[in-house]
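Accompanying notes for the structure given below.
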Amino acid sequence: MFELMAHFLLPNTPLHEWALDPRDAVALQKRLASRVSQTDDLPETVTLVAGIDVGFEEGGDITRAAIVVMSVPEFSIVEHRIARIPTQMPYVPGLLSFRELPAVLEAISMLERTPDLFMVDGQGIAHPRRMGIATHLGLWLERPTIGVGKSRLCGQHEAVPDHKGGWTELHHRGECIGAVLRTRERVKPLYISPGHRISLETSIKWVMGCLTRYKLPEPTRQADKLASRKPGATVALEPHIL
DNA sequence: GCGACAG
DNA sequence: ATCTTGTCGC
């Protein structure tokens, strides 16, 4: 699906191109931020939703990205890929995309099908400069993305209703940048924010629509399992009762 | 200056 | 994120 991407760097961008100096990375984020859209621009019918997660091996020397493409509303895995590349950047709060996207893009390039929507672990616009990893990926692909974070990067919010589906807005510097959503009763809420080409309302709708019996939406949960799995580990069966 | 800080 | 043992619960 390379030909469908609108790159800000070339398709085969060398890894070192992502290893920017923190100052340059921040400057790039500020420039890209103006291109982000929160206007819904999804296919009429969304059939394939991708979940993306990243893990590390070899004490952090190897970055492993996992992508799982699921059909909705069946939630059956259509395709899944794992990419491993040398880690190029250290973890710096606010610059996560520069560290993890190279591996994510490698995994996406291995795909045979083109997802209609991408759910990325981490923030979308709920970021100091509105450029979380989900947003950066959305801009790179020029496709709808949603940020699904397990914890907060920035912003403030009120108490989150205890029932499944309950949520409250996440604010930062006077603007609503996302929602803190209770995806499961008595379980720590998720930080949902638009990545690109999608609104907050629609983002919440899709996350809720992809929930089964767990805290994480199914595409993300499946990607999580793949990303955290060791190279040759065996897949465990699970009773599929909904 | 001090504290916070996705994964 | 990763390291790392046991433990509570369905």
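Predicted model only: the values in this text are computed from it and were never measured. Every chain is numbered from 1, with letters handed out A, B, ... down the list of sequences.
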- Message: Taking the basic N atoms (NZ, or NE/NH1/NH2) and the acidic carboxylate oxygens, is any pair closer than 4.0 Å for R173(A) and E175(A)?
- Response: no
- Side-chain ion pair, E142(A) and R197(A), N-O less than 4.0 Å: yes
- Whether H136(A) and W18(A) hold their rings parallel, tilted or perpendicular, with breakpoints at 30° and 60°: tilted
- Task: With pairs defined as Watson-Crick or G-U wobble and both distances under 3.5 angstrom, please note down DNA chain B as a dot-bracket string, | for pairing with another strand.
- Result: .......
- Query: Does NZ or CZ of R152(A) lie under 6.0 Å from the centre of the six-membered ring of Y191(A), at an angle within 45° of the ring axis?
  - Reply: no
Verify whether one side chain among [X] and [Y] offers a donor that lies under 3.5 Å from an acceptor in the other.
| X | Y | answer |
| --- | --- | --- |
| Q38(A) | H196(A) | no |
| T212(A) | E218(A) | yes |
| T202(A) | D40(A) | yes |

- Query: Which heavy atom of A66(A) sits nearest a heavy atom of I82(A), and at what distance?
  - Reply: CB-CG1, 4.3 Å
Give me the distances for all protein-to-nucleotides 7-10 of chain C N/O pairs that come in under 3.5 Å?
none

- Message: From CD1 of I62(A) over to P of dA1(C), roughly how many Å is that when rounded to an integer?
- Response: 18 Å
Could you go over nucleotides 4-7 of chain B and give all protein N or O partners under 3.5 Å, atom names and distances?
{"unit_1": "dC5(B)", "atom_1": "OP1", "unit_2": "R152(A)", "atom_2": "NH2", "d": "2.7"}
{"unit_1": "dA6(B)", "atom_1": "OP2", "unit_2": "Y91(A)", "atom_2": "OH", "d": "2.5"}
{"unit_1": "dA6(B)", "atom_1": "O3'", "unit_2": "S151(A)", "atom_2": "OG", "d": "3.3"}
{"unit_1": "dA6(B)", "atom_1": "N7", "unit_2": "G94(A)", "atom_2": "N", "d": "3.2"}
{"unit_1": "dA6(B)", "atom_1": "N6", "unit_2": "G94(A)", "atom_2": "O", "d": "3.1"}
{"unit_1": "dA6(B)", "atom_1": "N6", "unit_2": "L95(A)", "atom_2": "N", "d": "3.3"}
{"unit_1": "dA6(B)", "atom_1": "N6", "unit_2": "L96(A)", "atom_2": "N", "d": "3.0"}
{"unit_1": "dA6(B)", "atom_1": "N1", "unit_2": "I133(A)", "atom_2": "N", "d": "3.2"}
{"unit_1": "dA6(B)", "atom_1": "N3", "unit_2": "Q123(A)", "atom_2": "N", "d": "3.2"}
{"unit_1": "dG7(B)", "atom_1": "OP1", "unit_2": "K150(A)", "atom_2": "N", "d": "2.8"}
{"unit_1": "dG7(B)", "atom_1": "OP2", "unit_2": "S151(A)", "atom_2": "OG", "d": "2.8"}
{"unit_1": "dG7(B)", "atom_1": "O3'", "unit_2": "D121(A)", "atom_2": "OD2", "d": "2.8"}

- Task: Would you mind reporting whether R84(A) and E57(A) have side-chain heavy atoms less than 4.5 Å apart?
- Result: yes
- Are more than 12 heavy atoms from other residues, nucleotides or ligands located less than 6.0 Å from atom CZ of R184(A)? no
